[in-house]
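The structure appears below as structure tokens.
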Protein chains: 2
Amino acid sequence: MASFTSKDVARMAGVSQSTVSYVMTGKRSISEKTRQKVLAAMEQLTYEPHAGARSLAGRRTQVIGLVVPFDAEGKAATLLPFIETIAHCARERDYEVLLVTADQGSAGLRRLAGRALCDAIVLMDILEHDERVPVAAELGVPVVLVGVPADPAGLHCVDLDFEEAARLAVDELAGTHHDEIIVVNWRAGVSERRANFAVRFLRSAHRQAEARGIPLTVVEPADGRYEPPVDRILAGHAGGRLGLVVPNGAMVVPLMHALRRHDVVPGVHISVIGVSPDREAGEYTNVSEEPRDVSRTAMDTLFRLLDPVPGPEIPAIQLLAPRLTRRGTVMR
Amino acid sequence: MASFTSKDVARMAGVSQSTVSYVMTGKRSISEKTRQKVLAAMEQLTYEPHAGARSLAGRRTQVIGLVVPFDAEGKAATLLPFIETIAHCARERDYEVLLVTADQGSAGLRRLAGRALCDAIVLMDILEHDERVPVAAELGVPVVLVGVPADPAGLHCVDLDFEEAARLAVDELAGTHHDEIIVVNWRAGVSERRANFAVRFLRSAHRQAEARGIPLTVVEPADGRYEPPVDRILAGHAGGRLGLVVPNGAMVVPLMHALRRHDVVPGVHISVIGVSPDREAGEYTNVSEEPRDVSRTAMDTLFRLLDPVPGPEIPAIQLLAPRLTRRGTVMR
DNA sequence: TTGAAAGCGATACCAC
DNA sequence: GTGGTATCGCTTTCAA
């Protein structure tokens, strides 16, 4: 599988190597005639530019670094669409995606930038106090955070508006005369790490419940267990109008099944509102969390950082508005 | 964030650039004294080698190309552990992972090899007749297939032994005197694409059921639906000993819930055997499908292809043996 | 055991 | 509108 170089293309097209380069980059005008000759030669030879040479000479790798969490459970459902969307956005502009796992910490970031492995970085699953953020800010490479840390250090952030999501859920239950709200939290692991979406969601839920005058408590799955904490939910449930808010999208369906097994039917004896992508919320009232929208916004931001356009400033923090869709699991 | 070059390191250590290179690659012996000087200088400058330059000069990218399917539903659960494991294996040897989505078809493969973006490729989710396989075989780059196509074209394959998995499941039901078996298949989409694991599983199940003299039929979810086809399962279920075999791991739990809602209890009124990773099969009898083992084997193979060692030949097809674990959802 | 220097295959500046 | 060429930062002969 002998590979051809731009020199070969140049020779075949009867032009200079630089002309070939300019045809590819479009950085200077080329007569249509020679353009065609060059393109024909490239076609003929099935020429592909050598990525390493290009990155060395042009200081552009055409690669986006993507730092993903793999530890986070329950993320499976949202992580894949995230990655998928980012891959597609990259491809649209002829960029590649280099995958780095979060367990490598800031070392991974330093490698990405130091070795000139990519032109820009998307950092997912940001913690409230994330050691990687200050490092990322010093990298000298555009970085977009998916999530909002306490101190973004000047970096751009994109995320779902979890505070608004909590408000929407609480308001819905308040508006339908519930007299108690329980937030079914992520497992201890997630909130202890203070994954910042969890923090923001809970804080906002508490605040809004107080504003609406409804008692709100939080329950978590038992240590190290994935099962929904149904017993503790039903324990104090005297028969009033109880509403459950479930920010962990992966837990909604298992929870509802568990409730039904106790003959407690969502929408009849109890209310359930989940936070999850619309397409997964077939049978329950949810607040939408759309990973695809978030990643697309992140990538748009990244590319605008890479090739600044004279348009309006990019907001430092972009929170995507969630939407509540009623599907009958809230008692009316 | 000014970056340093190996020249800077050389100057600081008082040696030549080539010496620095040899310290990094270990391709020639260096006196311990100069080695330490060089390492100290690298440390001092937080030197990182420029990946592009390295790949240009050394014709090694230190990158593994990973081609993943994103369309495949129900894969979410197995796809992430796959990717994660591959990322870890790569990191262990200081390799990066470049992600390419399968929707790019063989164009993606040509890019990976043609642009010298990676040293080797892992191709996942191989179809029985996969247009990418012949292309991959001509790439001039080591390729490992996760899955077994009808014609591997000389490439190495790694996969779970789905035929053995089907045999295990059928044997278990035969051994417990069931008089009917239903395979609850993937959605039409998956088997129509003739994803080859589906093909192999079904073929083997049929064969083994015949050998054991048990009637076996196959049902699929309704068009475009994810819900388990419970109605069709229970329709012809006159009350004999019926065993369900569910190769689609993602469907086992939903199916069992649906059955219970019809007051049909797995292990009591009906039998259920799922195919899934052990850690996800908390409550049902399963045949193990361990994505982590498969990826690790694939990566080991890949690295042995990259740096051939004089040991024994690598088998062309490596099928990992599944194991059946009884957890009480099969009637005794 | 080490150094000097010739590439690797692009880009982009300087001429014309 | 096009061509020549220095340059990017590393690897790897060839010489010592």
Side-chain angles (χ1 to χ4, degrees), chain A residues 1-39 41-42 45-63 94 96 111 113-117 119 140 307, chain B residues 1-39 41-42 45-63 94 96 111 113-117 119:
Chain A
M1 205 50 196
S3 215
F4 293 102
T5 74
S6 68
K7 211 172 211 161
D8 298 319
V9 175
R11 191 178 313 127
M12 178 157 193
V15 299
S16 81
Q17 200 180 8
S18 56
T19 298
V20 174
S21 176
Y22 287 119
V23 166
M24 301 182 59
T25 62
K27 287 190 181 173
R28 88 179 177 191
S29 48
I30 302 280
S31 78
E32 191 52 26
K33 210 174 53 198
T34 53
R35 229 181 77 83
Q36 290 308 333
K37 276 193 306 190
V38 170
L39 289 176
M42 288 168 65
L45 302 176
T46 63
Y47 166 74
E48 296 271 6
H50 188 289
R54 177 178 265 189
S55 114
L56 180 56
R59 312 70 196 297
R60 276 273 187 157
T61 60
Q62 299 281 109
V63 172
D94 201 27
E96 309 292 334
R111 235 184 32 249
R115 297 192 179 180
L117 282 162
D119 297 331
D307 306 296
Chain B
M1 205 49 193
S3 216
F4 293 102
T5 74
S6 68
K7 211 173 210 162
D8 299 317
V9 175
R11 191 177 313 127
M12 178 156 194
V15 300
S16 81
Q17 200 180 8
S18 56
T19 298
V20 174
S21 176
Y22 285 121
V23 166
M24 302 181 59
T25 62
K27 286 189 182 173
R28 90 177 174 191
S29 51
I30 302 280
S31 76
E32 191 53 26
K33 207 175 55 197
T34 54
R35 229 182 77 83
Q36 290 307 334
K37 278 193 304 187
V38 170
L39 290 176
M42 289 168 64
L45 303 177
T46 64
Y47 168 73
E48 296 273 5
H50 187 289
R54 175 176 266 191
S55 114
L56 180 56
R59 25 295 271 288
R60 275 272 187 158
T61 60
Q62 299 280 108
V63 171
D94 201 26
E96 309 291 333
R111 232 182 36 246
R115 297 192 180 180
L117 281 162
D119 297 331

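FYI, side chains are in, hydrogens and waters are out, and symmetry mates aren't considered; it's all heavy atoms of this structure. Letters A, B, ... mirror the listed sequences (proteins, then strands); counts begin at 1.
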Got a donor-acceptor pair under 3.5 Å from the side chain of [X] to the base of [N]?
X        : N       : answer
Arg59(B) : dG7(C)  : no
Arg11(B) : dG3(C)  : no
Arg60(B) : dT11(D) : no

Nearest-angstrom distance from the residue atom [atom1] of [X] to [atom2] of [N]:
X        : N       : atom1 : atom2 : value
Arg28(B) : dT13(D) : CZ    : P     : 11 Å
Lys37(A) : dG1(D)  : NZ    : P     : 14 Å
Glu48(B) : dC8(D)  : CD    : P     : 20 Å
Leu56(A) : dT11(D) : CG    : P     : 12 Å
Tyr22(A) : dG4(D)  : OH    : C1'   : 11 Å
Gln17(B) : dT13(D) : CD    : C1'   : 15 Å
Leu45(A) : dA10(C) : CG    : P     : 11 Å
His50(B) : dG9(C)  : NE2   : C1'   : 13 Å

Check whether any side-chain nitrogen or oxygen of [X] sits under 4.0 Å from OP1 or OP2 of [N], and answer yes or no.
X        : N       : answer
Lys7(A)  : dA10(C) : no
Tyr47(B) : dC10(D) : yes
Thr19(A) : dT2(D)  : no
Ser21(B) : dC10(D) : no
Ser31(A) : dT2(D)  : yes
Lys27(B) : dT12(D) : yes
Ser16(A) : dG4(D)  : no
Thr5(A)  : dG9(C)  : no
Arg54(B) : dT11(D) : yes
Ser18(A) : dG4(D)  : no

Value rounded to 0.5 Å, distance of [atom1] in [X] from [atom2] in [Y]:
X        : Y        : atom1 : atom2 : result
Lys37(A) : Met12(A) : NZ    : CE    : 12.5 Å
Thr61(A) : Leu56(A) : OG1   : CG    : 12.5 Å
Thr5(B)  : Glu48(B) : OG1   : CD    : 13.5 Å
Arg54(A) : Ser21(A) : CZ    : OG    : 8.0 Å

Problem set entry | Any Ser3(A) side-chain heavy atom under 4.5 Å of His50(A) side chain |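 Counting from C-beta outward, Ser3(A) and His50(A) never come under 4.5 Å.
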For this session: Ignoring hydrogens and angles, state whether a donor on the side chain of Thr19(B) or Ser16(B) is under 3.5 Å from an acceptor on the partner side chain.
Result: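 Per modelled atom types, Thr19(B) and Ser16(B) side chains form a pair under 3.5 Å.
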Problem set entry | Candidates dA10(C), dC8(C), dT1(C) - which lies nearest the side chain of Pro49(A) |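 Closest of the options to the side chain of Pro49(A): dA10(C).
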For this session: Find which nucleotide of DNA chain D each of Arg35(A) and Phe4(B) is nearest to by heavy atoms, and output the residue with the more 5' nucleotide.
Result: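 The residue closer to the strand's 5' end, by nearest nucleotide, is Arg35(A).
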For this session: Name the nucleic acid region contacted by Val15(A), choosing base, sugar-phosphate or nothing; use a 4.0 angstrom heavy-atom cut-off, strictly under.
Result: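 Touches sugar-phosphate only.
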Exercise. Which is true for Ser55(A) with a 4.0 Å heavy-atom rule: it touches a base, it touches only sugar-phosphate, or it touches nothing?
Worked result: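 Here Ser55(A) touches no strand at all.
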